[in-house]
**Q** 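Before I ask anything, here is the structure I am working with.
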Amino acid sequence: MNEAEESVAAETPATPVAQRPGSFNGELVAAVLLAALGVYLLVDAGAIAIPGSSNTVGPRFFPYAVGGLSVLTGALLALRVLRGDRGPADDGEDVDPDAPTDWRAVAVIAVAFVAHALLINVVGWPLAVALMFAAVATTLQGRLTPVAAVRPFLVGLTVGCVVWIIFVKALNVALPGGIVLEFLTSWF
Amino acid sequence: MAISDLLGGFADAITPVNLLFALLGVLLGTAVGVLPGIGPAMTVALLLPATYVLEPTSALIMFAGIYYGGMYGGSTTSILLNTPGESASIMTALEGNKMAKAGRGSAALATAAIGSFVAGTIATLLLALVAPTLVQVAINVTTADYFALAVLAFVAVASVLGSSPLRGLAALCLGLYLGLVGTDVLSGQERFTLGIPQLSDGIDVVVVAVALFAVGEALYVASRLRKGSVQVIDHKGGWLTKEDWRRSWKPWLRGTALGFPFGVMPAGGAEIPTFLSYATEKKLTKHPEEFGHGAIEGVAGPEAANNASAAGVLVPLLTLGIPTSATAAIILAAFQGYGIQPGPTLLTTEGPLVWALIASLFIGNVMLVVLNLPLVGLWVKLLKIPRPYLYAGILTFASLGSFAVNADPLDLVILLGLGLLGFAMRRFGWPVAPAVIGLILGPIAETNLRRALAISDGDLSVLVDSWFSRVVLLLALLALVGPVVLRAVRGRRATPAEVAQEQEEDREVQTAANREGGTP
């Protein structure tokens with residue numbers, strides 16, 4: 001059965017760079033982590049308190065089941081990956097399957113997102129989101145200079161303010177607006 | 001009986017205010033669904049917060065519009081963008097793309113829109129007819145039967161979606177784990193909360209769905225962004241000619257006939273029926289030479305199947321409370337957000353609401369077919385949004401949706417963490433949908449299992465006590481073992497044709513690209 005699969009795999013044109021055999025294999029790590037998650041579930045399930053009234057199947061049973069399934073799945077998947085089975089990376093309209101992974105973009109987005117989460121309650125959602133928007137858009141444009149960030153920032157700020165006004169003033173969603181915007185719109 | 005209830009639903013839905021909400025939902029759903037990289041599930045998850053503050057009837061009416069609108073939007077994207085999109089529209093894209101390139105884009109869009117309308121209308125009618133009957137059956141379904149149904153859904157979703165059953169199972173495990181975090185409903189014990197108080201209420205389904213779909217997709221696309229300007233194929237040519245109509249109507253009906261039952265079954269939504277519809281049309285066509293070069297049947301059939309399955313998915317959701325696709329899982333979360341629990345009693349306790357929802361599915365469908373073709377110019381503009389702004393915008397709305405749930409920044413950190421998980425899953429070909437379904441269906445399965453065993457005093461034979469649960473568990477076993485056995489016997493994967501087809505497509509696209517690149 002593996003021969004057939006390998007022949008299919010061999011026909012696949014242009015294996016994405018990150019998944020070529022020989023290079024660092026992330027999926028192996030993922031499979032091992034899944035098995036580790038299963039072990040954690042199995043161990044920690046034993047610590048769940050069982051109320052005295054519980055008669056047969058208590059709150060520990062399902063965690064044990066899920067933990068066992070995770071260990072099994074993770075182990076089997078790790079084995080298959082070791083034997084050369086590779087999952088095809090996702091397609092998408094805007095995804096270039098042959099492009100090398102741009103780790104810098106991923107890192108910038110992750111950091112910008114955490115920063116905006118922490119800033120929301122300080123400077124308000126619109127400004128926090130505008131900064132995140134600017135960082136993400138500028139990175140994706142491929143030019144990381146202050147000048148190139150002006151336009152994305154203004155776009156982000158406009159989007160943030162318009163969305164905030166719609167959701168807070170018209171739909172009554174609780175969303176901190178920041179001092180300036182809340183003052184300016186207090187007459188609504 | 002069902003007809004008079006349905007008419008009552010129409011009476012509720014055709015008030016000016018509710019019509020406005022339906023229109024708003026349809027427009028928003030299509031606009032967001034058109035955006036590349038955003039499938040129906042992500043559309044629904046991202047737009048969920050917009051419905052939070054409305055009262056349930058208006059919210060669900062708007063939601064119906066978003067659901068069908070997202071489906072319509074997706075097909076426009078797949079026809080006019082020269083790149084593969086989400087799995088349910090891949091089959092539409094095969095021929096639709098070629099039609100658009102051959103200057104018949106308008107005809108492709110028209111047969112997709114009208115086919116969706118025909119399929120959506122018939123399938124919604126079937127939903128209205130089937131649901132009350134099924135509820136009669138479902139009312140007798142025991143907790144053990146429910147557990148069996150949940151197991152079948154798990155197995156089907158894990159083995160159908162994604163590149164291999166094992167990877168589907170891995171995604172399912174992640175979802176089940178996320179569903180365990182929080183306070184156990186039956187005993188009140190905290191589980192796996194790591195001592196973080198916010199986690200004692202569990203991880204919000206909306207946060208998980210938005211993270212895995214929206215944030216994960218944004219990170220993944222960012223890591224491999226297609227550089228260069230966006231290429232949208234012109235939608236040229238006239239709408240449907242008499243010949244087009246003649247060639248389209250049978251595929252529409254056949255697509256509907258395939259799509260609806262597959263939507264009802266726990267088989268992961270639209271992937272299988274759209275594929276089967278394409279294969280059927282290819283076999284039955286009188287113009288086999290056109291397949292691969294823009295055959296209209298290849299757009300009409302899969303698109304109808306896609307929409308019919310969207311209505312079919314609502315059958316198990318509304319009558320049993322069991323989601324069979326990622327989109328359905330998010331709709332279930334939306335229901336719970338409004339304080340409504342879908343299940344056999346839904347039609348009696350919330351009858352008017354459900355019928356208003358079904359009626360607005362009809363209304364939304366009419367609005368879509370009327371609006372979609374005239375507005376196609378607007379959708380094309382949306383397709384051309386510069387990608388840096390598009391993905392920054394997706395993250396903006398992901399932040400809005402998740403923050404609006406609890407107004408807690410910690411949710412956004414969890415959002416990013418799960419988004420990175422979604423990013424990794426995309427890299428390794430782990431399907432995302434089983435995780436979302438596992439998250440929402442896991443607690444349902446656990447509760448029913450424990451209730452069943454509590455009633456039987458721990459006797460496991462209660463799980464196979466009824467014929468219903470025996471048949472369902474047998475099906476689950478078949479779905480799990482079947483592909484493995486098939487592969488062992490036939491030495492190939494379950495859907496080799498699909499794989500081969502996609503690879504052939506890829507190669508064509510690549511050689512075409514190389515050729516274009518080669519000539520200055």
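Residue numbering restarts at 1 for every chain, and letters A, B, ... go by the order of the sequence lines.
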**Q** Measure L180(B) against the heavy atoms of chain A and call it side chain, backbone, both or neither at under 4.5 Å.
**A**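 Only the side chain of L180(B) comes within 4.5 Å of chain A.
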**Q** Looking only at heavy atoms, which two atoms of G179(B) and P443(B) are closest? And how far apart?
**A**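 That closest heavy-atom pairing would be O-CG, 3.9 Å.
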**Q** May I ask you to name which of P63(A), A30(A), A65(A) has the most heavy-atom pairs under 4.5 Å with chain B?
**A** P63(A)
**Q** Relative to chain B, which of A110(A), A134(A), A135(A), G142(A) shows the most heavy atom pairs under 4.5 Å?
**A** A110(A)
**Q** Could you go step by step and tell me if M425(B) and L174(B) meet the side chain to side chain contact (heavy atoms under 4.5 Å, CB included) rule?
**A** CA-CA 11 Å; M425(B) 290 169 78; L174(B) 293 173; 4.1 Å; yes
**Q** Could you tell me which non-hydrogen atom of G168(B) sits nearest to which non-hydrogen atom of P434(B), and how far apart they are?
**A** O-CB, 3.7 Å
**Q** Please look at A424(B) and chain A and tell me whether the side chain, the backbone, both or neither of the residue comes under 4.5 angstrom of a heavy atom of that chain.
**A**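 Neither part, no heavy atoms under 4.5 Å.
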**Q** Under the rule for ring-ring contact (aromatic ring centres under 6.0 Å, His included), what residues qualify as partners of F154(B), not counting sequence neighbours?
**A** none
**Q** Go through G393(B), A445(B), S399(B) and name the one with the most non-hydrogen pairs under 4.5 angstrom from chain A.
**A** S399(B)
**Q** Where on L69(A) is there a heavy atom nearer than 4.5 Å to chain B: the side chain, the backbone, both, or neither?
**A** both
**Q** R191(B) side chain to P59(A) main-chain N or O, any donor-acceptor pair under 3.5 Å?
**A**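 Side chain of R191(B) to backbone of P59(A), a donor-acceptor pair under 3.5 Å: yes, one is there.
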**Q** Which of residues 154-163 of chain A have a heavy atom under 4.5 Å from any heavy atom of chain B?
**A** V155(A), V159(A), V163(A)
**Q** Tell me, please, which residues at least two apart from E217(B) pass side chain to side chain contact (heavy atoms under 4.5 Å, CB included).
**A**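 Here the qualifying residues are M42(B), V221(B), R426(B).
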**Q** If you count heavy-atom pairs under 4.5 Å between each of V215(B), L169(B), T396(B), L449(B) and chain A, which one has the most?
**A**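 Heavy-atom pairs under 4.5 Å are most numerous for T396(B).
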**Q** Is E446(B) close to chain A through its backbone or its side chain, or both, or neither, when contacts mean heavy atoms under 4.5 Å?
**A**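 Both parts, backbone and side chain.
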**Q** Using a 4.5 Å cut-off on heavy atoms from C-beta on, say whether the side chain of V181(B) contacts that of Y177(B).
**A**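 Side chain of Y177(B) against side chain of V181(B), heavy atoms only: contact under 4.5 Å found.
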**Q** R427(B) and T101(A): side-chain donor and acceptor closer than 3.5 Å?
**A** yes
**Q** In terms of heavy-atom proximity below 4.5 Å to chain B, should F167(A) be classed as side chain, backbone, both, or neither?
**A**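 Contact with chain B involves the side chain of F167(A) alone.
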**Q** Relative to chain B, which of V114(A), T138(A), L119(A), D44(A) shows the most heavy atom pairs under 4.5 Å?
**A** D44(A)
**Q** Tell me, for L194(B) versus chain A, whether the close heavy atoms (under 4.5 Å) come from the side chain, the backbone, both or neither.
**A** side chain
**Q** Give the member of L37(A), I166(A), L118(A), N121(A) that has the highest number of heavy-atom pairs under 4.5 Å with chain B.
**A** L37(A)
**Q** Is chain B contacted by the side chain of L76(A), its backbone, both, or neither, given a heavy-atom distance below 4.5 Å?
**A** both
**Q** Can you tell which of V81(A), T139(A), D102(A) has the highest number of heavy-atom pairs within less than 4.5 Å of chain B?
**A** D102(A)
**Q** Does L175(A) offer a backbone N or O that forms a donor-acceptor pair with the side chain of W164(A) under 3.5 Å?
**A** yes
**Q** Would you check if P152(A) and Q141(A) make a side-chain contact, meaning some heavy-atom pair closer than 4.5 Å?
**A** yes
**Q** Do any side-chain atoms of residues 402-423 of chain B form donor-acceptor pairs under 3.5 angstrom with protein atoms, and if so which ones, sequence neighbours left out?
**A**
residue: S402(B); atom: OG; partner: A398(B); partner atom: O; Å: 3.1
residue: N406(B); atom: ND2; partner: D411(B); partner atom: OD2; Å: 3.0
residue: D408(B); atom: OD1; partner: L410(B); partner atom: N; Å: 2.9
residue: D408(B); atom: OD2; partner: Q198(B); partner atom: NE2; Å: 3.1

**Q** Which is it for R450(B) and F62(A) under the side chain to side chain contact (heavy atoms under 4.5 Å, CB included) test, yes or no, and what are the steps along the way?
**A** CA-CA 9 Å; R450(B) 282 163 63 185; F62(A) 212 65; 5.6 Å; no
**Q** Locate the shortest heavy-atom distance separating Y64(A) from A45(A); write the atom from each residue and the value.
**A** CE2-CB, 3.9 Å
**Q** Please look at W103(A) and chain B and tell me whether the side chain, the backbone, both or neither of the residue comes under 4.5 angstrom of a heavy atom of that chain.
**A**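 Side chain only.
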